[in-house]
Amino acid sequence: MPQPRVKLVVTGDDFGYCPRRNQGIVDCYLAGGISNVSLLVNATAAKDAAELAKRHHIPIGLHANLSEGMPICQSLRQGSSLVNNTALFHGKMGFRKTLQSGQLNMTEVELELRAQVRRFGELMGHLPCHMDGHQHVHVLPEVREVFAQVLSDFSIPYTRVPVEPGLHTCSWLPPHLQGFYTQLEKDALESVPVFRRYGIRWPDVYLGLTTMGQNMSIPNLKRALSHALEAGPSLSTSSNTPRTDQPVVTAELMVHPGYPSQPQEGGCGEGPDDFSQSVDRQHELDTLKDPSLLALYSQERVQLCAFKDL
């Protein structure tokens, strides 16, 4: 392949969620549809996922989870600010409300993040090359500082900064998602100086919010890639790619492929959620494996890779 225009990390999130998601993610990797995975270490099929990653040599990082299921740290399962009265995390929006109310103990957040990094090491035999947050909790106020400190202490070089070019031109996104994504973008932008201060790196461009579920299609992925090329190398990136007259753009595409979870099988301690049981997971899997998408990558000189290759 000639010099690539884009080095693209296609990350399959939620690895470990359940056996069917695991198998779908592996099938997608073997078909060339993804190039990297992100592991939920508190999910019910995390051990199986780790074994699959080793068997198939799949590049893997940590999908730090503070919002779904049960903490890894035993001492936080009862009476901590991270859990509700059923000993489970507060949920995607509940975590944010608890944080906004000032009731979240950052020492406990740090304890749990460290416990998850250690569990990843136990499962994989090495530390992650990258670490991000399930449901984007890692860019939230206060959490971002603790998160960055943990990455720095464990020498984890890469994270995710979910600021997507072209997001505000996507008229098909429903109002509730537009509102959530707008706030997410604000939180992510405010995380940039924090991550930079700790020497943490991330790709030039982030993609994936506008191409989730039924919004994933070849035309939409082509549109997203065109935004990546237009955006070009960012001043906030810390990619190691040498600059030339035509610098290579580095990007991450967040995806959630898999075979839909069966009811009562999987999850992180409370069963699989609607997101994981949705047919959207199969739709993403089928789209990412589509030969016409793989041909598009080749045509546009997009090289799929892992974080360690950036």
Side-chain angles (χ1 to χ4, degrees), residues 8-40 43-46 49 52 58 63 65 67-69 91-93 132-137 160 162 164 166-167 170-182 184 206-225 227 251-268 270-294 296-297 304:
L8 179 65
V9 181
V10 184
T11 301
D13 278 359
D14 304 340
F15 200 39
Y17 198 85
C18 74
R20 285 175 57 79
R21 290 288 299 281
N22 284 356
Q23 191 57 56
I25 286 169
V26 170
D27 289 350
C28 198
Y29 175 78
L30 294 176
I34 61 173
S35 57
N36 185 64
V37 295
S38 206
L39 179 68
L40 285 165
T44 58
L52 287 167
I58 304 174
H63 203 41
N65 184 4
S67 57
E68 183 180 353
K92 178 179 176 179
M93 300 313 295
D132 55 52
H134 184 48
Q135 298 170 339
H136 308 290
V137 295
R160 171 184 291 168
E164 181 164 355
L167 175 66
C170 297
S171 57
W172 60 83
L173 294 173
H176 76 279
L177 275 184
Q178 288 181 357
F180 181 79
Y181 291 165
T182 297
L184 173 61
Y206 165 84
L207 305 168
L209 297 177
T210 64
T211 53
M212 282 181 66
Q214 292 302 313
N215 290 326
M216 183 177 284
S217 64
I218 308 297
N220 275 357
L221 287 166
K222 187 173 184 178
R223 175 200 54 79
L225 285 169
H227 280 299
E252 182 190 18
L253 171 63
M254 173 194 75
V255 298
H256 299 85
Y259 303 113
S261 300
Q262 299 285 7
Q264 310 307 314
E265 185 182 36
C268 302
E270 51 189 322
D273 59 10
D274 292 343
F275 181 89
S276 195
Q277 294 180 71
S278 170
V279 296
D280 289 358
R281 307 287 68 77
Q282 176 88 50
H283 172 73
E284 289 198 24
L285 172 61
D286 293 341
T287 306
L288 290 164
K289 290 166 55 182
D290 191 316
S292 63
L293 177 61
L294 305 184
L296 175 67
Y297 290 150
L304 269 59

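These numbers come from the heavy atoms of this one structure, side chains and all, not from hydrogens, waters or symmetry mates.
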Inset, instruction - To the nearest 0.5 angstrom, please state how far the CG atom of L52 sits from the CG atom of L39. - result: 10.5 Å
Legend entry - D13 and its side-chain hydrogen bond (donor to acceptor under 3.5 Å, both in side chains) partner, picked from R160, H134, R21, Q135: R160
Legend entry - Heavy-atom pair of closest approach, residues L288 and C28: CB-SG, 3.7 Å
Inset, instruction - Supply the atom-to-atom distance K289 NZ to I34 CD1, rounded to the nearest 0.5 angstrom. - result: 11.0 Å
Inset, instruction - Heavy atoms only: give me the nearest N22-G16 pair and the separation to one decimal. - result: OD1-N, 2.7 Å
Inset, instruction - Would you please test I58 and V26 for side chain to side chain contact (heavy atoms under 4.5 Å, CB included) and show each step? - result: CA-CA 8 Å; I58 304 174; V26 170; 4.1 Å; yes
Inset, instruction - Measure the acute angle between the ring planes of H136 and Y206, then classify it against the limits of 30° and 60° as parallel, tilted or perpendicular. - result: perpendicular
Inset, instruction - Please report the shortest heavy-atom distance between G133 and H63, naming the atom on each side. - result: O-CE1, 3.8 Å
Legend entry - Pair Q277, S261: side-chain N/O donor-acceptor within cut-off below 3.5 Å: no
Inset, instruction - Start with the C-alpha distance between K92 and D273, add both sets of side-chain angles, then the distance that settles salt bridge (Lys or Arg N to Asp or Glu O under 4.0 Å), and finish with yes or no. - result: CA-CA 12 Å; K92 178 179 176 179; D273 59 10; over 6 Å; no
Inset, instruction - Answer yes or no: is there a side-chain heavy-atom contact under 4.5 Å between T210 and E164? - result: yes
Inset, instruction - Can you measure from NE2 (H283) to CG (N215) and round to the nearest 0.5 angstrom? - result: 8.0 Å
Inset, instruction - State, with a plain yes or no, whether a side-chain heavy atom of M93 is found less than 4.5 Å away from one of S67. - result: no
Inset, instruction - Give a yes or no on whether a salt bridge exists between R281 and D14, defined as a side-chain N under 4.0 angstrom from a carboxylate O. - result: no
Inset, instruction - Output yes when a side-chain donor or acceptor of Q178 lies under 3.5 Å from a complementary backbone atom of L173, and no otherwise. - result: yes
Inset, instruction - Flag the pair D286 / Q282 as yes when at least one side-chain heavy-atom distance between them is below 4.5 Å, and no otherwise. - result: yes
Legend entry - Distance, nearest 0.5 Å, that separates CG of D280 from CG of L285: 12.5 Å
Inset, instruction - List the steps and the verdict of side chain to side chain contact (heavy atoms under 4.5 Å, CB included) for L184 and L209. - result: CA-CA 10 Å; L184 173 61; L209 297 177; 4.0 Å; yes
Legend entry - Nearest-0.5 Å distance that lies between atom CG in L253 and atom CG in L221: 6.0 Å
Inset, instruction - Kindly compute the distance separating NE2 (H227) from CG (L207), expressed to the nearest 0.5 Å. - result: 9.5 Å
Legend entry - Test side chain to side chain contact (heavy atoms under 4.5 Å, CB included) applied to K222 and L296, step by step: CA-CA 8 Å; K222 187 173 184 178; L296 175 67; 3.9 Å; yes
Inset, instruction - Determine whether the side chains of Y29 and N36 contain a donor N or O and an acceptor N or O closer than 3.5 Å. - result: no
Inset, instruction - Look only at the side chain of S276 and the backbone of P272, and say whether a donor-acceptor pair between them is shorter than 3.5 Å. - result: no
Legend entry - Donor-acceptor side-chain pairing of E68 and Y17 below 3.5 angstrom: yes
Legend entry - Closest non-hydrogen atom pair, A31 against L294: O-CD1, 3.6 Å
Inset, instruction - Can you see which heavy atom on L293 is nearest to which on T287, and at what distance? - result: CD2-O, 3.6 Å
Inset, instruction - Heavy atoms only: give me the nearest C268-L40 pair and the separation to one decimal. - result: SG-CD1, 4.3 Å
Inset, instruction - Side-chain contact test, heavy atoms from C-beta onward, threshold under 4.5 Å: evaluate it for L8 versus S35 and give yes or no. - result: no
